[in-house]
Amino acid sequence: MRLSLSLAIVDMTKNLADEKNATQFECYFYNKTSTKHKGPYDWTEDTQSWVLSAFYYGYAGFMVPGGMLADRIGGKRALFMAVFGSAILTLLTPLFASINVYALITLRIVEGALESPFFTAMAILINKWCLKSENTIFVAITTSGRYLGLIIMQPITGYLCSLSFLGGWPLGFYIYGTLAVAWSLIWIFLINESPQESGFLSEQEKNMLINYSIKSENKAKDSLSLRKICSCTPLYGLCIAELGAGLNACIIMNCLPMFLSNVFGVDIQSNGLLNAIPFAVSLLGYMLSSVLVDSLRDKILSLKTARSAIFFSSAFCAAVAGFFITSAGCRPTLVIFVISINLFFQSCCGSQISPNLMELFPNYTGVMYGILNTVANSISLISPYVVDVFTKGNIESSEHWQHAFNLACVLTIICSIIYVLLIRVTPVEWAKDEED
């Protein structure tokens, strides 16, 4: 739901590129009549950056309180609140956009705040339902829905925006919001918080999950304090890893539709199809790297070595691909191929971060995941502005877009080196169980 606006905004606004002569565009080779669209809103580049970033102000700003809430009320209830609340606001998005841009920005901030406990709640549930030896692949499977959602949503949204019924672009918000409401109702009635509450598991299965899950039933050895958090070196390593792996991915996720529309003149329906390809490849990398780590750990390599090797090598390959995103010239399909390689390796990096955090803080997953996600979504918040800084007044220039990609790639390499130096895969002392 959060990223449906990234594609819809292309059709919601008047295309700034359309107001210029086609000969001014190095790659504007598509049929001019097929790509030209005059959306209802005359928003500048700056305004569009604010609209795209608004969600992350609420999301990042409430991440830690959301994590504390999830720790207090449990992952099941927190996840329901996050999905149901954001679904209602997704349904209201076209209405608020019709009022004015400030109403839309406010709605997106509130939607971000409501959705802030989402991944924290998932992490809490994973800790209770996942065996320690399978945590990397388990996390990959349970969180793969975000990639599947993007793969399915992008072409569907592109097609819906091309329709005249109800204006086209509002249809995506109505459909995704309705589906999310239905899902959240099914979730709250069918899902259990922990294995002990499940009526579908045998006693043997329950005992195995209780004894060998990431989070035991014991309390942590020490209480949590700000001093312990601030002095936790492995946490800094994770935050730096998130910064390096996140900026490039966030620029592409948030701004790829605008890149394809303004640089290549790709029409809204083709835009959705092309957008789906990198996310499909990302899902592949996310799953393969997770399987690889769990296959290597404690057999060929130690878990620490396996995580470090996959993270650094993937970060390096992603950065190399990122430096050549626009080198394909005026061939959008080849550019998408390079972007797909970049995101494939970025997702390999991302697949290591969440499992590593669960290994470090099994008894404080909620609040620690909240801190990490605050960093991650602060990056999402600034990514449209990074693009705006480099492309302001030159949004149709691939060269200016490449400057933004280059910055992200340099940061990826630097942060991966720091993460490898700081990585740890065993619980920090104060987060261990009392009996350890």
Side-chain angles (χ1 to χ4, degrees), residues 1-9 11-12 40-41 50-70 72-125 142-143 145-146 148-150 152-154 156-157 160-161 163 165-191 193 253-254 366 370 373-374 377 380-381:
M1 292 183 289
R2 78 174 77 170
L3 289 174
S4 56
L5 184 62
S6 298
L7 182 57
I9 198 171
D11 204 49
M12 292 169 67
Y41 306 116
W50 274 101
V51 171
L52 290 174
S53 297
F55 176 93
Y56 298 101
Y57 280 100
Y59 196 60
F62 284 83
M63 191 61 66
V64 174
M68 297 171 67
L69 175 68
R72 181 176 293 273
I73 68 174
K76 173 185 173 180
R77 294 183 182 87
L79 198 60
F80 169 78
M81 292 172 57
V83 176
F84 186 80
S86 58
I88 297 299
L89 294 186
T90 297
L91 290 168
L92 295 173
T93 298
L95 173 62
F96 275 68
S98 67
I99 297 173
N100 57 51
V101 70
Y102 303 107
L104 176 60
I105 289 173
T106 301
L107 177 137
R108 292 286 291 179
I109 292 173
V110 175
E111 184 177 352
L114 286 173
E115 201 170 316
S116 61
F118 182 88
F119 284 107
T120 301
M122 286 192 67
I124 290 172
L125 291 170
T142 52
T143 58
R146 58 180 170 175
L148 289 172
L150 287 168
I152 296 170
M153 178 269 291
Q154 297 281 2
I156 291 177
T157 302
L160 293 173
C161 288
L163 301 177
F165 180 65
L166 292 180
W169 63 265
L171 292 174
F173 296 102
Y174 296 144
I175 292 173
Y176 305 140
T178 300
L179 290 174
V181 168
W183 179 92
S184 60
L185 295 175
I186 295 171
W187 169 269
I188 198 64
F189 288 113
L190 291 185
I191 301 302
E193 178 71 26
M253 283 194 295
N254 289 323
N373 254 6
T374 299
N377 290 284
S380 297
L381 189 154

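Quick note: numbers below take in every heavy atom, side chains included, and nothing from hydrogens, waters or symmetry partners.
The shortest non-hydrogen separation linking Gly66 to Pro117 is O-CB, 3.7 Å. Counting all heavy atoms, side chain and backbone alike, Ala121 lies closest to Gly75 at CB-O, 3.4 Å. Smallest separation of non-hydrogen atoms from Pro94 and Tyr174: CB-OH, 3.6 Å. The minimum heavy-atom distance linking Leu91 with Phe173 is given by the pair CD2-O, 3.9 Å.
Taking CD of Glu111 as the start and OG1 of Thr93 as the end, the distance is 5.5 Å to the nearest 0.5 Å. Here the straight-line distance linking atom CD1 of Ile88 with atom OG1 of Thr178 works out to 8.5 Å at 0.5 Å rounding. Distance check: Arg77 CZ to Leu69 CG gives 11.0 Å after rounding to the nearest 0.5 Å. Annotation: the span from Leu114 atom CG to Thr90 atom OG1 amounts to 10.0 Å, rounded to 0.5 Å. With rounding to the nearest 0.5 angstrom, the OH atom of Tyr176 is 5.5 Å from the CG atom of Leu160. Annotation: the span from Met63 atom CE to Tyr56 atom OH amounts to 10.0 Å, rounded to 0.5 Å.
Counting heavy atoms from C-beta outward, Ile109 and Phe55 have side chains that stay 4.5 Å or more apart. You'll find the side chain of Ile188 reaches within 4.5 Å of the side chain of Lys76, heavy atoms only.
For Met81, the CE atom is loosely surrounded, since the number of other residues' heavy atoms within 6.0 Å does not exceed 12.
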Which atom pairs, one a donor and one an acceptor, fall under 3.5 Å between side chains of residues 97-107 and the rest of the protein, sequence neighbours left out?
from, atom 1, to, atom 2, distance (Å)
Ser98, OG, Leu95, O, 2.5
Asn100, OD1, Tyr102, N, 3.0
Asn100, OD1, Ala103, N, 2.8
Thr106, OG1, Tyr102, O, 2.9

Could you go through Arg108 and Phe96, starting from their C-alpha distance and side-chain angles, then the distance that decides it, and tell me whether this counts as side chain to side chain contact (heavy atoms under 4.5 Å, CB included)?
CA-CA 10 Å; Arg108 292 286 291 179; Phe96 275 68; over 6 Å; no
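Ile191 pairs by the side-chain contact (heavy atoms from CB on, under 4.5 Å) definition with Trp187, not counting sequence neighbours.
At least one donor-acceptor pair closer than 3.5 Å links the side chain of Ser116 to the backbone N or O of Phe62. With hydrogens and angles ignored, the 3.5 Å screen pairs no side-chain donor or acceptor of Ser53 with any backbone N or O of Trp50.
The aromatic rings of Phe80 and Phe84 sit parallel, their planes meeting at an angle under 30°, below the 60° perpendicular limit.
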